[in-house]
Amino acid sequence: MRHKVAGRLFSRTANQRKALLRGLVSSLFEHQRIETTVAKAKAIKGIAEKLVTFGKRGDLHSKRMVMSYIPNRTVMSKLFSEIAPRFADRNGGYLRIIQTRQRVNDRAPMAIIEFIDYEDLKMKTSAKEGEKKTEKKAPEKKTAKPKKENLKAAPKAKKETEEKPKKSRAKKTAE
C-alpha cells in the first residue's frame, strides 16, 4: 500500500515525469492558460504557484531556483517581469482549474488551468487592440492618384513585348 506517499506517477519514470511537469509549467507561464488532463493540472498547480511566489520575491536566489526548474530564459523573464507583479498583494491561489470535457480518444477528463486574472487580461488586450484598429483607421491620408496616361502606356508595352517572342517562334516553326 502507498500510505503517505504523495504525488502522481503518471506511469512514467522519474526523469520522464520531471520533464513532463517542467514542460507543462513552462507552457503555462508562456501562454497563461493551457488545457490538459485534470490529474496533470492538479500536479502542476502547486509547482507553478511556488514558482510564482519565487517570482514575487525577485532576488537572485529566487531567480536561480526558478531557473533550475524552468531552463527557458524568456519564460523565466516573463514570470519575473509580467506575471509575478500582478500578484504582488496576493498571498496565494494564483491559479484555477476548470473542468471542461472528456477527451474524445480515451475519455480522459480534461481541464483548463489558468491564472486567476486571465479573463481580465484578455479583456484589456482586446480593448487595446480595438483602440489600435480605430487609431489606424483615423489618420488616413489621401494620396494623389497617378495619371491615367501612365497606366495605359504600361500595359501596351507589356503586350508588345509578349507578342514579339510569339511571332518569332511561329516564324521558326513555319520555316
Side-chain angles (χ1 to χ4, degrees), residues 1-140:
M1 290 190 196
R2 290 176 35 114
H3 292 297
K4 294 190 176 183
V5 178
R8 293 171 175 82
L9 299 180
F10 299 117
S11 300
R12 290 173 165 85
T13 63
N15 291 333
Q16 291 173 347
R17 187 170 49 253
K18 185 177 177 182
L20 170 77
L21 297 177
R22 287 171 76 169
L24 286 171
V25 169
S26 62
S27 64
L28 174 67
F29 288 149
E30 185 177 356
H31 301 292
Q32 309 284 317
R33 175 185 195 173
I34 58 171
E35 184 179 21
T36 184
T37 63
V38 173
K40 290 176 187 172
K42 287 179 180 179
I44 67 169
K45 184 177 179 182
I47 298 166
E49 289 188 353
K50 286 178 188 175
L51 295 177
V52 171
T53 304
F54 277 128
K56 284 172 45 177
R57 290 196 345 214
D59 58 345
L60 181 62
H61 177 68
S62 61
K63 286 184 181 180
R64 286 181 176 162
M65 293 298 289
V66 170
M67 204 54 189
S68 71
Y69 200 82
I70 300 174
N72 190 346
R73 285 191 182 272
T74 57
V75 173
M76 187 194 76
S77 64
K78 185 174 183 179
L79 170 66
F80 281 91
S81 64
E82 295 176 19
I83 297 171
R86 294 192 323 230
F87 300 110
D89 32 325
R90 191 175 180 95
N91 291 330
Y94 313 117
L95 297 168
R96 84 176 73 146
I97 297 174
I98 304 166
Q99 295 186 9
T100 56
R101 61 186 176 96
Q102 288 185 332
R103 193 162 43 200
V104 175
N105 189 18
D106 59 353
R107 307 290 288 170
M110 301 295 285
I112 292 174
I113 183 167
E114 65 184 7
F115 285 100
I116 294 292
D117 60 351
Y118 179 78
E119 296 297 326
D120 298 334
L121 286 173
K122 191 174 180 183
M123 297 295 285
K124 288 178 184 177
T125 55
S126 62
K128 287 180 183 178
E129 288 175 2
E131 290 175 5
K132 288 179 182 178
K133 287 180 182 178
T134 56
E135 288 175 7
K136 288 181 182 177
K137 290 180 182 178
E140 287 184 21

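Quantities reported herein were computed from a predicted structural model and do not represent experimental measurements. Counting begins at 1 with the first residue of the sequence.
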Roughly how far apart are [X] [atom1] and [Y] [atom2], rounded to 0.5 Å?
X     : Y     : atom1 : atom2 : result
His61 : Phe54 : NE2   : CZ    : 5.5 Å
Lys56 : Thr53 : NZ    : OG1   : 5.5 Å
Ile83 : Glu30 : CD1   : CD    : 10.0 Å
Leu28 : Ile47 : CG    : CD1   : 11.0 Å
Ser26 : Leu51 : OG    : CG    : 10.5 Å
Glu49 : Leu95 : CD    : CG    : 5.0 Å

>> Quick check on Gln99: does its CD atom have over 12 non-hydrogen neighbours (other residues, nucleotides or ligands) under 6.0 Å away?
In response: no

> Residues in side chain to side chain donor-acceptor pair (under 3.5 Å) with Thr37, at least two apart?
Replying inline: none

>> Once side chain to side chain donor-acceptor pair (under 3.5 Å) is applied, do any residues pair with Gln32, and if so which ones, sequence neighbours excluded?
In response: Arg86

For [X], what residues pass the side chain to side chain contact (heavy atoms under 4.5 Å, CB included) criterion, not counting sequence neighbours?
X      : value
Ile116 : Arg90, Arg96
Ala19  : none
Asn91  : none
Lys124 : none

> Quick one: side chain to side chain donor-acceptor pair (under 3.5 Å) pairs with a partner in residues 74-83, sequence neighbours left out?
Replying inline: Asn72-Thr74

> Any side-chain heavy-atom pair from Lys50 and Met65 closer than 4.5 angstrom?
Replying inline: no

Over all heavy atoms of both residues, which pair between [X] and [Y] is shortest? Give the atoms and the distance, please.
X      : Y      : answer
Ile113 : Ala41  : CD1-O, 3.6 Å
Gly55  : Phe80  : CA-CE2, 3.5 Å
Thr100 : Ala111 : OG1-N, 3.9 Å

> Where the side chain of Arg17 meets the backbone of Leu9, is there a donor-acceptor pair that is under 3.5 Å apart?
Replying inline: yes

> With Phe29, which of Leu24, Val52, Ile34, Val66 fulfils side-chain contact (heavy atoms from CB on, under 4.5 Å)?
Replying inline: Val52

> Phe115: what forms a ring-ring contact (aromatic ring centres under 6.0 Å, His included) with it, not counting sequence neighbours?
Replying inline: Phe87

> Can you name the ring-ring contact (aromatic ring centres under 6.0 Å, His included) partners of Tyr69, sequence neighbours left out?
Replying inline: none

Could you pull out all residues at least two apart from [X] that satisfy salt bridge (charged side-chain N to carboxylate O under 4.0 Å, His left out)?
X      : result
Arg101 : Glu35
Asp59  : none
Arg22  : none

>> Run the side-chain contact (heavy atoms from CB on, under 4.5 Å) test on Leu20 and Lys40 for me, step by step, so that the C-alpha distance in whole Å, both residues' side-chain angles and the decisive distance to 0.1 Å come before the verdict.
In response: CA-CA 9 Å; Leu20 170 77; Lys40 290 176 187 172; 4.1 Å; yes

